[in-house]
Each structure stands twice: as structure tokens, then as C-alpha cells.
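None of the values given here were measured: they were computed from a predicted structure. Values reported hereafter were calculated over all heavy atoms of this structure, with side chains retained and with hydrogens, waters and symmetry mates removed. All chains are named by letter (A, B, ...) in the order of the sequence lines, taking the proteins before the strands, and each is independently numbered beginning at 1.
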Amino acid sequence: MQNYHPQKIEKKWQARWINEKVNAAHICDKEKFYVLEMFPYPSGKIHMGHLRNYTIGDVVARFFKNNNFNVLHPMGWDSFGMPAENAAIENNLSARKWTEENISNMKKQLQSIGLAIDWNREISTCSDEYYKHQQKLFIDLYNKGLIYKKDSYVNWDPVDNTVLANEQVIDGRGWRSGAIVEKKKLSQWFLKITAFSKELLDDLKGLDEWPEKVKTMQKNWIGYSDGAEIIFKVVNKNLEIKVFTTRPETIFGASFIAVSVEHELNLLFNHDKGFQIFREKCLKNQSRIDNEDEKLSFPTKLFVEHPFIKEKTLPVFFANYVLMDYGNGAIFGCPAHDNRDYDFAKKFKISITNVIKTVKKNEGGELPYSGISENDIMINSEFLNDLKISEAKKTIINKLIKTGKGKKKIGFKLRDWGISRQRYWGCPIPVIYKEDGEIQTVSESELPIKLPDDIDLSKPGNPLVNHSSWKKTKCSITGLNATRETDTLDTFFDSSWYYLRFCSPKIKDKPFNEEDINYWMPVDHYIGGIEHAILHLLYSRFFSRALKECNYKIPKEPFKKLITQGMVCHETFKNKKGKWIEPGEVVFKNGKYYHNTEELIKGRSEKMSKSKKNVVDPDEIIEIYGADTARLFMISDSPPERDLEWSIDGIKATHKYLCKIFDFLSKDLKFVLDTGKLDGKKLNEFEKNIYTFVNTTIYSFTEDIKSYRFNTAVAKLRELSNKILTRGICSDLFDYSWSIFLRLISIITPHLSQEIASKSGYNKLLCDLDWPSYDKLCLTSKNVKMVVQKNGKKKLLLEVPMDIDQDEVIKILFNHNSKLGIELKTSVKKIIFIKNKIINFVK
RNA sequence: GCGAGCGUGCUGAAAUUGGUAAACAGACAGGACUUAAAAUCCUGCGGGCGGUAACGCCCUUGUGGGUUCAAGUCCCACCGCUCGCACCA
């Protein structure tokens, strides 16, 4: 006998919510709450990670709506990007059509989860309605000097055939393709994110509702270091080399200068075959360099003057271990106090001078010594001798400034964000090149610059370059011939401001308007995967600052609270040959795992991925068990920030539970959903206990949801239902208790709750109800359970009236168990008494 | 190498922030119903010792130390795992 058919009831209520636009958000006098989950890339199908992400956000959205907030919970599509273009090339179809079909399919899937989303605000980054405004923002940023073009060596992904930003290179590989990234010299568009390095770093302190982990990652990425710039004069040439260092005090230990092969000094060696070969060798490997790589050098035969030692000169080398992107692409080598310089000096037989005397190791101790400790003292350093390191650092910087040989300088690891992509399926950059090569932004009236649909994907290279007419245009001012920019924008540009567009999704003449932004921004809770800790979140924080500079009135920090949800993991199996086997095909017998007759090796549980064959399709789960089961399971077991272990047994058990609840509540119940109140005074002792339990559940469930402790919130609901399922309670209390249960669980299982309410004759929507309030008297119950301890070990649990003092507790203890009382009191040294908690007899 | 975090039953986990370790689940085992199975329901479920029994006693949060009346929680050292960064001067 099975009465619970989620397939029928879920569709019904979803249709009603959408038709009645119950989730449409409008500005009003109520307090706003903007909850946002990171919008998806329309790959065609939702995966478990989406299901988890959107369930978490939806529970929160529904909770705040019931708590009388004006909730904004929108959804859109991060719909530009490589997969569409690749699919178009492979199957000879239109990237736009492919994307739009995927969107339509995924939208149906998202709706089948029953998400309380304002679909009227749906946006899609590949629509010209969206990117028109983005092009305007590009022009604003350009005019403000925050976008510029330069020739530089960039990260080139040979599989995706495009440039990548530094943040998009992970372990030397492209973040999407996994290909080993090469260095290539190209003319590229950059966003001047480094103009905000300091701010982006300092303002992390104000993000008190962000996970520490994410803040630490951003901090390390921005990478602040405090040091100095030192100028070295090249002997017999009208040239200087500027060097950034965090250890200027070790200048007397300097024995060489090393520069990157990309350093401007390379201009002097362009004719040199040997140098060219050396440079190629360095560039090839430079996207993936690590400490263990061999040090390579190319001597320049140039020398520089030591700034403080007369007659002393230092040889200059090109070296593979010096990075062009950091500091000035040049260092002074101090082998005694830097491991890399030490390796280099040893290999190329360069002299080593120790300039630090440590307390432990005295002069001549083991080198290199790169530590800094309080009592270390400078030696062999002329006017720095006998100073502590920290004092020496100050002294040398002052000396540099005084003599004009350098200055104090702060360095950041953060580099400007390269936004050019040599691909078709992205937002066109609204720039033209005039015949004289001059760059001109497109006038606002010409926006949007639309992507052409009639492109030829059969030829290699960027289809926009290959297009016969698209790039040909005229300058709107001079009327002369001009060429369009054929690079498109990195899709992270699209997602850096979409949260603003959600506030004014329909407005035509500007990206967003002030009134909407004022009311809705910032995003109160932003929920998404930890993988965006740096990329998307840093870009968005930069964008809001950059747009502020362009006079847009928006908050500096776009996301007030950040929740980073963990991955959905699943067990993995391999056969003896190392081939992955789907967990669904594995049989467990006598403590071993088999696929057909073959014995398998059980791997550890890993993030669901096609390559490991451990993916489960959420659509199938929803079809068989219903969205409410899937939703409840997704939040039951693990807290959101931790990885979730997928388990089909867990799903089945969750479904069983909902069936039980549904069957039970389909009986003749008179819910009191609107009032949700009961006069607790008329109840007998036993009933009062139930009543108290219900009210403490309201309280603690609410607290748990507020702080994203969904797993313990669910545990409390189950405790409540366990309690009231098995006891015979008078009908008023029974109806009241189940009404509360139904309302609490309705934010997790909205369809089931609504269906039950409706079956009982209730014809309003639960999502419009106020959140249940609790009877405060219940939280200050009259009795508490106190622990009686002997030497800190539990002996007894004693129920006593609230707030009584030590003597009274002892009196009750004697009444309850005089033998134990006497035993504890005899020869007691000390009694520790914590009111309402513990009494400890110390002997 | 640098930085961050974690380590609790067979498993996912909980523990009001120093005060009853294992809530709530899953798996498993036993039982009831059934000709049988499934479904459902009930019971048990960290380890050891004692008792016919109700029950009692002892041990137990990666390992070893420490602080405290009291430690999963705080401090020190070690072991193991995960994540991020990494020739960043």
C-alpha cells in the first residue's frame, strides 16, 4: 500500500507556484534578503553538485520568506564559453542553438527540484540583452584607464587555443582543458586588477561572514610583501637594472645579478643565437616550474656596480628561475641567505658571502641560512655590522633613499587579469582599430556589437577572424575604414557583475539602476563551490570596486556572507587492470567486491566524475523518489561546507521516512496551520512534556537553519516526529504538534507539506505563512538534569528544579540516594558547583 | 618548502564551545507478521569485566605528554590525511 506519489504532487504544486508567481520579488517596505547561488554553466544536464547547491539556497530562501523578509532568489545562465563552441565544431551546429536547448532542458530540471526562484528575472550572459550592457561597462572601464592593451608573454592553452589568466592556470595546466600551458607573446587586453591589490587585501578583514579558508586563499594569492627596490648601474653602459627585494639588508652578501629572459636587457642579445636558444628553452618550461628544476644560466658578460662597495662589481646572468611577472624580473643573488641563489651560485661557481651571524650557529654555520630570528646579527656588512636584521633593514632602506640608489617598495604577487580570448563564443569586445592602428571604443549608440550567427567553424582559428565581413566596419567619427576587435571576453568577465543585473534584469537603457541596487545589494548569502575561492570571487570583488570608480553607485563588497559548499562524493571501484567500474554494477559478497565474477579493488570515495564512473544523475533520482526525497537527503547527513557522501541507501531510507510521514498525515488531521498556537496551561504533565518538546524544537530548528546546520536541524525534526508518531496524545496537542512539524519541514520538502495541508482542506499556500513562533516559557523549563560527579567522573544524573543552589542540590541528592550521598560527602576536599549543570565532589 | 584545515563506533555524523562522548541516521544482526520472500513493525548495535537477571564497575575521541575539580574541546611534541600556493626574490 503506497500512497505517496511525488511524481504527481510535485508537478502540480510547481505549476501553481510558477503560475501564481509566488516567488516574484518586488521592492517594498519589508526588509530585503538577497540569496544567490552561483549560476550554472548550461552544459545540458544538472549534476549532483547543482542539486546540492540549489537545495541549500532554496531552504534558506524559503526560510527567510516565511520569516517575513522580501526575498530575492533569482537564477540565470553563465552561457558563454568553450563547451558550446566545441560542441558546435564537433557536430556542425550552432553554438547559440546548442546553448539555448541546454538552457531550456536545465531549466525544466531545476524547476523539477521545486526551487523558489523568481523566474521573471532569468538572465543569460550570451543574450545581447545582457552583453550589450557588459560592452558598456567595458567602455566605462576603458575610459577610466582600468582596461589596457599590451604585448606580453601570456599563458597559452594549446588545446582550447586561447589565452588564460594566471588564476586559470592550475599546476601548469589549463583549468578547463587540463593541457600543459605554454608561454606565447601576444597583444592582449588586461584589466588592471593590480590597481586594487592593497584594497582587495585590506578589505578581506571586513568580510566577517566569509570562511577563513577563502580569505586566506585570497590573501595568499594577492601575496603582499614588504621590501625595497635597488638600482644597479651597469658598468660602462648607460643602463641600470632595478631589482626588487624583501631582504635589502643582505646587500653586502650580493654576488651576482640574475634577470628573466623576458627582461628588457634581452634586447641587447636578440642577435645572439645562443641566447635565443636559451630563451626558448626557458619559456617552454616556465609555466610549470618548481623548486627542484635545474638552474640554468646564460652569462651576459655585463657587470653592475655594487651600490655600497667601491670597486666591487657583480656579474649579470639571464636565469630560468627569475620570473618576469614578479617585481622587476630581476634579482640580486645573495647565495648565503637564499636557497635558490645558493643552488645557482654553487652550480656556476660564484662566490658566497655570509652576512648574518646567528646565535646558534655562529659565523661559518651551515649555509644557506634563510631564516630570520630576533637575535641574528649582521656581519661582513660595513655600516650594517652588529645591527639586528630588523634594524639593518630600516637602516639600509634609509641609506638607499638618501643616496638615491633605491627606495622602499611593496610587492604583490597579484598580476593584471588577462581578459582576451581568441574564441568565437564570448562577448565581443566593443573596440575598433582604425587604419592608422589607433584604438577606438565603439560609440554607445552602436551597442550591442552582436556576435554573427553565420560563421564557419570548419576552419582552424578564431571564426571571427575568418569571417568575411563581420570585422570590417567604419569609424563612426571619421567615417574611415576600420577593423573590429576579434578577441572576445573571458567568461569570468560575464560573471563578475551578473549579481547586479539580477536587481534590474529587464531594464533596457542601463546595466542596472540605482534604486534597485540600493534596495537589493549586497547579496546577503552567496552560496557556491570552493573552487571559485579565488577566480570568480576575487574578480567580482575587483569589479565592484572598479565600477565604483566609474561612478556606479554600488557597494564595495558584493557578497556579505559566503557559504562554500563541499563536493558530492561517491565510492569508486577499479578492476585489477585499473579500469573504473560503476558502483551500481558492483556486488558485495563475503566481504569482497565483484563485477560479474571479477574481484574489484574498492577505492576511496571521490568527487563524482565521469572519468571515475561514479556519477549519479539527479534527474533519475528525482524521477524515482521525488524532489522532496532528494532535497531532504542532500541536507540531512553532512553540514554544507563539508563533502557529502552520496548513498543510495540514504536516499531509500529518506524516501521511506517521507512515505511514512505522508501516510500518517493523510489521515484525518485538523491542522492549525494559520494560528499555530495552543494553550499550554490546560495540559497534563505528560502532555506538557510533549508541548515543551515541540517548542524547543521550533527554537533549535530555527537556530540551526539560521546558521546552516541543516544536518542537526533535520535530526531535530526526526526526533520530533519519532516522539509524536508513537505516543497517544489528546487530539488538540496532536494536531498542533503535527502542524508545527509540517510547517518546519515545509522549507525542505515543500511539495509534500503543501499536499498534506491541502488534503486536510487547507487551501492557502504554506510559503505565504509566517514562521511558527515558540512559547518562551518552554525554554525556561522548571527542571534541569544535573550531573553528579566524583573526581570529575559521572556518578548520577539528577533531576532538580532550575536555579537552585548547592545545598539544595545536596539535599535532593540525599533524598534520592542517601548511600551515594554519604559516600560522596565523606572526606570530601572540595565541591565544584556549576548551577544547573554539574556538582563535582573532589576527594 | 610555505600556508590552512582535519583525525570521534562498521559508515555519515552529533556534542549548547571546557561540564552526561556517540544525538539523528545508514549498514548489519536477531525477532514478529508471512507457506515463503519483499514491504512493514519491534529489539540490539564502541570495547572489556562481573552478575541468572534488573544492573554494576572499568576503559574508550590518531599517538605521547601537559594544564584543570573536569579535556573530543585548551597547550606542547609526534604520526597520518585533505586542500590551497609554490624558483613570488
Side-chain angles (χ1 to χ4, degrees), chain A residues 1-2 170-172 211-221 223-225 227 243-248 250 258 286 288-295 319-323 325-334 337-341 343-344 370 411-415 530-531 533-534 569 571 588 604-605 633 636-639 642-654 656-657 659-660 663 700 703 709 711-720 722 785-798 828-834 836-843:
Chain A
M1 177 218 61
Q2 181 60 264
I170 292 151
D171 292 337
E212 283 306 317
K213 185 188 163 108
V214 174
K215 287 192 276 186
T216 307
M217 281 166 73
Q218 291 210 352
K219 192 176 146 202
N220 292 339
W221 189 261
Y224 174 93
S225 50
V243 158
F244 175 69
T245 176
T246 52
R247 301 288 305 274
T250 63
Q286 215 178 43
R288 202 204 160 102
I289 25 190
D290 55 62
N291 294 329
E292 285 93 50
D293 279 358
E294 203 188 356
K295 301 275 182 292
N320 64 332
Y321 77 99
V322 182
L323 302 173
D325 308 316
Y326 188 72
N328 302 311
I331 60 153
F332 75 77
C334 176
H337 305 292
D338 183 286
N339 299 326
R340 300 153 301 182
D341 297 345
D343 292 345
F344 190 83
S370 57
F412 291 96
K413 281 203 301 186
L414 186 68
R415 282 162 250 158
I530 185 80
E531 66 274 19
I534 293 167
C569 295
E571 52 188 1
F588 183 69
R604 42 174 239 212
S605 180
F633 173 74
S636 291
D637 264 11
S638 308
R642 220 180 291 183
D643 287 349
L644 170 74
E645 181 63 28
W646 171 263
S647 133
I648 192 66
D649 286 323
I651 280 282
K652 285 179 183 164
T654 306
K656 198 167 96 179
Y657 174 71
C659 283
K660 188 161 82 175
D663 282 350
S700 56
E703 291 302 304
R709 292 188 300 254
N711 52 333
T712 51
V714 169
K716 276 153 200 165
L717 277 183
R718 293 188 81 131
E719 266 184 284
L720 175 60
N722 288 347
K785 282 174 181 160
M786 280 188 66
V787 179
V788 181
Q789 292 182 336
K790 173 178 154 191
N791 291 331
K793 297 214 166 144
K794 187 186 93 175
K795 287 287 145 190
L796 184 72
L797 208 54
L798 193 65
V828 70
K829 274 191 202 142
K830 190 156 92 171
I831 295 173
I832 310 283
F833 180 80
I834 312 284
N836 298 329
K837 275 193 173 159
I838 214 150
I839 180 161
N840 185 12
F841 296 83
V842 183
K843 301 228 186 190

Checklist entry - So does A:Ser225 get a side-chain nitrogen or oxygen closer than 4.0 Å to the phosphate oxygens (OP1/OP2) of B:rA89? => result yes
Checklist outcome for this item: Out of B:rA89, B:rU82, B:rG12, minimum distance to the side chain of A:Tyr326 belongs to B:rA89
Checklist entry - Heavy atoms under 4.0 Å, any strand shown: does A:Lys830 hit a base, just sugar-phosphate, or nothing? => result sugar-phosphate
Next on the checklist: So, does A:Ser636 get its side chain near the phosphate of B:rA25, meaning an N or O under 4.0 Å from OP1 or OP2?
Outcome noted: no
Item to check | Touch class at under 4.0 angstrom, heavy-atom based, for A:Lys660 against every strand present | outcome: sugar-phosphate
Item to check | Minimum-distance nucleotide to A:Met217 side chain [options: B:rA70, B:rG84, B:rC85] | outcome: B:rG84
Checklist entry - Of the nucleotides B:rA13, B:rU20, B:rG19, which has the atom closest to the A:Arg642 side chain? => result B:rA13
Next on the checklist: Measure CG/A:Asn339 against P/B:rC87 and give the value in whole Å, please.
Outcome noted: 14 Å
Checklist entry - Counting any heavy atom closer than 4.0 Å, what does A:Ser647 reach on the DNA or RNA strands: base, sugar-phosphate only, or nothing? => result nothing
Checklist entry - Any donor-acceptor pair under 3.5 Å linking the side chain of A:Asn791 with the backbone of A:Val842? => result no
Checklist entry - Does any donor atom in the side chain of A:Ser225 or A:Tyr326 lie under 3.5 Å from an acceptor atom in the other side chain? => result yes
Next on the checklist: So, does A:Arg718 get its side chain near the phosphate of B:rA23, meaning an N or O under 4.0 Å from OP1 or OP2?
Outcome noted: no
Next on the checklist: Once hydrogens and angles are ignored, does a donor-acceptor distance under 3.5 Å link the base of B:rC85 to the side chain of A:Asn220?
Outcome noted: no
Checklist entry - Between B:rA4 and A:Lys213, is there an OP1 or OP2 to side-chain N/O distance shorter than 4.0 Å? => result no
Checklist outcome for this item: Considering only heavy side-chain atoms of A:Asp637, the closest of B:rC69, B:rG12, B:rC87 is B:rG12
Item to check | Sugar-phosphate only, base, or nothing, as touched by A:Arg604 at under 4.0 Å among non-hydrogen atoms | outcome: sugar-phosphate
Item to check | Sugar-phosphate, base or nothing in reach of A:Lys716, heavy atoms under 4.0 Å | outcome: nothing
Checklist outcome for this item: From CD1 of A:Ile834 across to P of B:rU20 the rounded distance in Å is 12 Å
Checklist entry - What stem regions, each of at least 3 consecutive Watson-Crick or G-U pairs below 3.5 Å, can be found for RNA chain B? => result B:1-7 with B:79-85, B:10-12 with B:24-26, B:28-32 with B:40-44, B:46-50 with B:55-59, B:62-66 with B:74-78
Next on the checklist: Just the rounded figure in Å: distance from C1' of B:rC24 to NZ of A:Lys656.
Outcome noted: 15 Å
Next on the checklist: Counting only side-chain nitrogens and oxygens, does A:Lys837 get under 4.0 Å of the OP1 or OP2 atom of B:rU16?
Outcome noted: no
Checklist entry - Between A:Leu644 (CG) and B:rA25 (C1'), how many Å, whole number? => result 13 Å
Checklist entry - When only distance counts, do a donor and an acceptor, one from the side chain of A:Gln789 and one from the base of B:rG19, lie under 3.5 Å apart? => result yes
Checklist entry - Closer than 4.0 Å, any side-chain N/O of A:Asn722 to the OP1 or OP2 of B:rA25? => result yes
Next on the checklist: Can you tell me whether the side chain of A:Lys295 and the base of B:rC87 have a donor-acceptor pair closer than 3.5 Å?
Outcome noted: yes
Checklist entry - Is NZ or CZ of A:Lys295 both nearer than 6.0 Å to the six-membered ring centre of A:Phe344 and within 45° of the ring axis? => result no
Item to check | Nucleotide B:rC85, atom P - distance to CG of A:Leu414 in whole Å | outcome: 14 Å
Checklist entry - Taking atom types as modelled, is there a side-chain donor on A:Glu571 or A:Ser605 under 3.5 Å from an acceptor on the other? => result no
Item to check | P gap between B:rU43 and B:rC24, integer Å | outcome: 13 Å
Next on the checklist: What contact category does A:Lys652 fall into here, base, sugar-phosphate, or nothing, at under 4.0 angstrom with non-hydrogen atoms?
Outcome noted: nothing
Item to check | Listed nucleotide nearest any side-chain atom of A:Asp649, set B:rA89, B:rA13, B:rG26 | outcome: B:rG26
Item to check | Length of the line joining A:Met786:CE and B:rA70:P, which is rounded to integer Å | outcome: 18 Å
Checklist entry - Which of these nucleotides, B:rA13, B:rG19, B:rA89, is closest to any side-chain atom of A:Ser638? => result B:rA13
Checklist entry - Closest heavy-atom contact between A:Asp325 and A:Arg415? => result CB-CD, 3.0 Å
Next on the checklist: Tell me whether A:Asn840 contacts the main-chain N or O of A:Ile832 through its side chain, where contact means a donor paired with an acceptor under 3.5 Å.
Outcome noted: no
Item to check | Pairwise P distance for B:rU20 and B:rA27, with rounding to whole Å | outcome: 30 Å
Next on the checklist: Give me the distance, rounded to whole Å, that separates B:rA22 from B:rC10 when you measure between the C1' atoms they each carry.
Outcome noted: 14 Å
Checklist entry - Under 4.0 Å: is that the gap between some side-chain N or O of A:Arg709 and OP1 or OP2 of B:rA13? => result no
Checklist entry - Side-chain N or O of A:Asn711 less than 4.0 angstrom from OP1 or OP2 on B:rA25? => result no
Checklist entry - Looking only at heavy atoms, what is the nearest atom pair of A:Phe833 and A:Met786, with distance? => result CE1-CE, 3.7 Å
Item to check | A:Glu212 and A:Lys215 ion-paired at < 4.0 Å | outcome: yes
Checklist outcome for this item: To the nearest angstrom, the CD-P distance between A:Glu645 and B:rU82 comes to 15 Å
